[in-house]
Q: 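This structure is in structure tokens; I'll ask about it shortly.
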Amino acid sequence: MMTSTDPHSEAVAASTRWQNQSAAAQAGTQRIDEIFGSDVFDLRKMRERLPKGTYKSVVAAVSKGERLSQLDADVIATAMKDWAIERGATHFTHWFQPMTGLTAEKHDGLTIPDGEGGVVFSLSGSDLVQGEPDASSFPSGGLRATFEARGYTAWDPTSPAFIVRGANYATLCIPTAFVSWTGEALDKKIPLLRSIDALNTQAMRILKIFGTDAGVSSVGSTLGAEQEYFLIDRALYFARQDLATCDRTLFGSRPPKHQQLEDHYFGAIPARVLGFMAEAEDELYRLGVPVRTRHNEVAPGQFEIAPLFESTNIACDHQMVTMETLKRVAGRYGFACVLHEKPFAGVNGSGKHNNWSLSTNTGVNLLDPQDEAHTNLQFMVFLCAVIRAVDLHADILRASVATANNDHRLGANEAPPAIISIFLGDMLTDLVEQLESGTPKRTLKGGKLDLGARTLPTLSRHSGDRNRTSPFAFTGNKFEFRAVGSSASVAWPNTVINTIVAESLDYLATEIEARIKSESPSQAQLEKAVTAVLQQVVKEHKRVIFNGDGYSDEWHQEAERRGLPNLRSTPDAIPAFQTAKARNLFKKYKVLSKAELDSRADIFAETYTTRLVIEAQTMIQMSRQQILPAATEHQRRLAQAVSATESAGVDASDGREELEALTDLIARFRAQVAALSDAVAGVPHGDPMKGARYARDAIFPAMQDLRELGDAIEDVVAADLWPMPTYRELLSIR
């Protein structure tokens, strides 16, 4: 029977305690704001605290990639230390992003003994610029052996330092890159920064062809990453072994009411959730993350937070900060924040829509078509570069979001299919079609919408609709890569996007330059050369453009006829990184060496296998320790009821049939537990890709079969016997 100490009752109690906790937390937040202000050591803070010469050096490092001298580093470190100590920091850490997909940190004190019984505060330029964490226990994909431990962190001056606070601590976090003693990249920041450099070099070539405006010295990608997540009552979360271990439910029968009424989407935000959102936003504001949007998502218990766009490197760092902050703050409100792509079967999963664009250092968006797009030939060059890049490297782009978690989500109702295509909308599709046959002469207009009521305004209508089934959709002045998973770092997908677009810009610049054959061509010569190159690009790569329903069977058949790859699973996708095409691409633009790229393919494959093995072993434990005891107890009760009924001389045939069906179900469940156990024991070792393919073909199907039987048992076992919170409780308690 349920008692006052079981997790179900604890969840209800937690739901009623949050108001007092919220009031205290909000008061604490207000005090922090009043005392400390912003917790970001950005350029504004540097300008206030640094000598003019040092500040100019920092600006040059941020805007032009120039290196800082050791003297400048010492001055900056002293200013950063003083600022952090004033705000209560006692420790500092080099905050980095290893290939785990998470962040890592090793804290060092800002104080050292002075030899006289006291302490002095210290952060040297050397401490700021370089750290030395152990590199042996992080994933390296064979780049480092277990006994080869040395690695380095290197300060990234383009990403501001920040302070993370808790109830009794404040830590200065310094964003850094992570590199092996051999100089090989062991993280996700170094390849991203290299890809930004490659993109800048090739984009500037295009601007030079068109005549670079005064003041434009660089081009970079920008990013705004929307974050979807689930909130689950914390007591219920930890009462489920699968959630606590794997961040998703491995068993669970779908309740009668879930998302089918679509009443949660954009609905009124529950008060407890809104309290959590407000506090999380306050912390993110203090950390410099420009969050703006919050709302209910489609599935019950699912929500979204979205920032304004920033330069891609900073946006990627801020994305990691956002995920950490959501999880940290959720506990204060009795929630667990779940970032897994598919925590619940049968309802929408979570993604991270990756809004990517190109911008000059002067703030000009190079993917903004403007009002008369047909006259904007420079925009058409950048547009066609993206089209060519996505078509030519669709396999690599798909592989950049390939994980065991995301395999559950891609192709379902809330996510694009695994087939990579581009949605352009009516206006750009019309422009591309005009371009293929000649010079574009018109730009489609959206017009106005009259809503038919005098009190309502006339709305401006966009020239094209949106398409939520497209993995790579143009949405006004940017491309939205919708296939990125909610738990993933966005650094790697954006490294891939930057690199493939840099390659296409390189190709277009080379082709146009060869046709111009003059350092100062006339406008007519320029237009003729550019148009000829773009027409060829459109003819060769228009197959990737698709504006229709990406979920339909007809599209899958059409995509196959067009020759577009359909890499349905992670083991299907990872080999895209092991091709000569991929190795040459990343090597040519100095983003990753062959060894660095191969190591990532191995890491992705090993992570896929390991995750499935952990999930399978968790299912086996839950089956043997929780589900089978509950099922056999229900079987015993049913058998006693049948026996007592028959002893009383009453027909119990219906009960006996139910008992026989349950007995058969339990027997099949036991057999499937054994089959899954055998599958886990058979995992091959030594070849990461062989292991991943085995996990996909042997372990994953066995897990699905076991889940189907386990969910069938849940549907018939008495509620007071069921040993874990159900979907109804997990999805409804707010």
Side-chain angles (χ1 to χ4, degrees), residues 97-102 135-146 178 180 184-188 191 246-248 340-342 393-410 418 420 483-485 487-489 491-493 495-496 499 565-583 585-587 591-618 679-704:
Q97 300 173 44
M99 293 302 297
T100 57
L102 305 172
S136 63
S137 296
F138 289 109
S140 71
L143 289 178
R144 301 289 281 160
T146 302
F178 181 41
S180 166
E184 293 163 311
L186 295 176
D187 71 344
K188 300 199 172 186
C246 308
D247 225 27
R248 81 175 183 100
H340 194 286
E341 284 73 0
K342 197 74 171 179
H393 301 293
D395 56 341
I396 300 175
L397 193 59
R398 163 67 180 95
S400 74
V401 297
T403 65
N405 293 359
N406 214 19
D407 281 358
H408 293 289
R409 168 180 166 266
L410 291 180
I420 300 296
V484 182
S487 68
S489 163
W492 179 236
T495 297
V496 170
T499 306
N566 186 4
L567 306 175
R568 292 178 173 84
S569 71
T570 293
D572 292 328
I574 291 175
F577 293 130
Q578 299 172 314
T579 63
K581 179 186 74 167
R583 289 165 177 160
L585 170 74
F586 288 103
K587 180 181 179 181
V591 175
L592 290 168
S593 67
K594 178 183 180 299
E596 289 171 328
L597 183 60
D598 288 346
S599 73
R600 279 150 179 79
D602 286 348
I603 290 170
F604 299 151
E606 289 171 353
T607 301
Y608 175 87
T609 305
T610 302
R611 189 171 293 277
L612 284 186
V613 168
I614 291 172
E615 290 184 350
Q617 291 174 334
T618 303
V680 170
V683 174
H685 301 284
D687 183 340
M689 278 308 307
K690 185 177 180 181
R693 286 190 290 267
Y694 174 88
R696 177 196 61 194
D697 297 337
I699 296 178
F700 184 67
M703 290 172 61
Q704 289 181 303

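From a predicted model like this one, the values you see are computed outputs, not experimental measurements.
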Q: Go through the steps to decide whether T495 and K188 satisfy the test side-chain contact (heavy atoms from CB on, under 4.5 Å), and finish with yes or no.
A: CA-CA 9 Å; T495 297; K188 300 199 172 186; over 6 Å; no

Q: Can any side-chain N or O of E341 pair as donor or acceptor with the backbone N or O of S487 at less than 3.5 Å?
A: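 Yes; at least one donor-acceptor contact below 3.5 Å.
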
Q: Check the pair I699, V683 against side-chain contact (heavy atoms from CB on, under 4.5 Å), reporting the backbone distance first and the verdict last.
A: CA-CA 9 Å; I699 296 178; V683 174; 3.6 Å; yes

Q: Any side-chain heavy-atom pair from I396 and K581 closer than 4.5 angstrom?
A: yes

Q: Is the closest basic N to carboxylate O distance between D598 and K594 below 4.0 Å?
A: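 A salt bridge is present here (some side-chain N lies under 4.0 Å from a carboxylate O).
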
Q: Give the minimum heavy-atom separation between H340 and C246, together with the two atoms involved.
A: CD2-O, 3.6 Å

Q: How close do P493 and V401 get, counting heavy atoms only, and between which atoms?
A: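 Closest approach of P493 to V401, heavy atoms only: CG-CG1, 4.2 Å.
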
Q: Can you tell if the side chain of H393 reaches within under 4.5 Å of the side chain of T499, non-hydrogen atoms only?
A: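 With C-beta onward as the side chain, the pair stays apart.
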
Q: Can you find a heavy atom in the side chain of V680 that is under 4.5 Å from one in the side chain of Q617?
A: yes

Q: List the atom of T618, the atom of I614, and the distance in Å for their closest heavy-atom pair.
A: OG1-O, 2.8 Å

Q: Between the side chain of S599 and the main-chain N/O of E596, is any donor-acceptor distance below 3.5 Å?
A: yes

Q: I'd like to check S180 versus L143 (side-chain heavy atoms, cut-off strictly below 4.5 Å). Are they in contact?
A: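 No; the side chains remain at least 4.5 Å from each other.
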
Q: So, for P191 and R600, which heavy atoms are closest and what is the spacing to 0.1 Å?
A: CG-NH2, 3.9 Å

Q: CD1 of I420 to CG of L567: how many Å apart, nearest 0.5 Å?
A: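 The CD1 atom of I420 sits 8.5 Å away from the CG atom of L567.
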
Q: Return the minimal non-hydrogen interatomic distance between R409 and A483, and the atom names on each side.
A: NH1-O, 3.4 Å

Q: How about R611: does its CZ atom have over 12 heavy atoms from other parts shown lying under 6.0 Å from it?
A: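 No, not enclosed.
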
Q: Side chains of M99 and S140: does their closest heavy-atom pair fall under 4.5 Å?
A: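 No. Closest side-chain heavy atoms not under 4.5 Å.
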
Q: Would you call D572 and R398 a salt bridge, using N to O less than 4.0 angstrom?
A: no

Q: Side-chain contact, heavy-atom cut-off 4.5 Å: T609 with P688?
A: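 They are not in side-chain contact.
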
Q: Quick one: closest heavy-atom pair of A679 and Y694, and the distance?
A: O-OH, 2.7 Å

Q: Taking the side chain as everything from C-beta on, heavy atoms only, tell me whether D395 gets closer than 4.5 Å to F577.
A: no

Q: Side-chain contact, heavy-atom cut-off 4.5 Å: Y608 with D407?
A: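 With C-beta onward as the side chain, the pair touches.
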
Q: Can a donor-acceptor pair be found, under 3.5 Å and without considering hydrogens, that links the side chain of T579 to the backbone of A576?
A: yes

Q: With rounding to the nearest 0.5 angstrom, report the CG to CG distance, D602 to L597.
A: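 It comes to 10.0 Å.
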
Q: Please walk me through it: do Q578 and R583 pass side-chain contact (heavy atoms from CB on, under 4.5 Å)?
A: CA-CA 7 Å; Q578 299 172 314; R583 289 165 177 160; 4.0 Å; yes

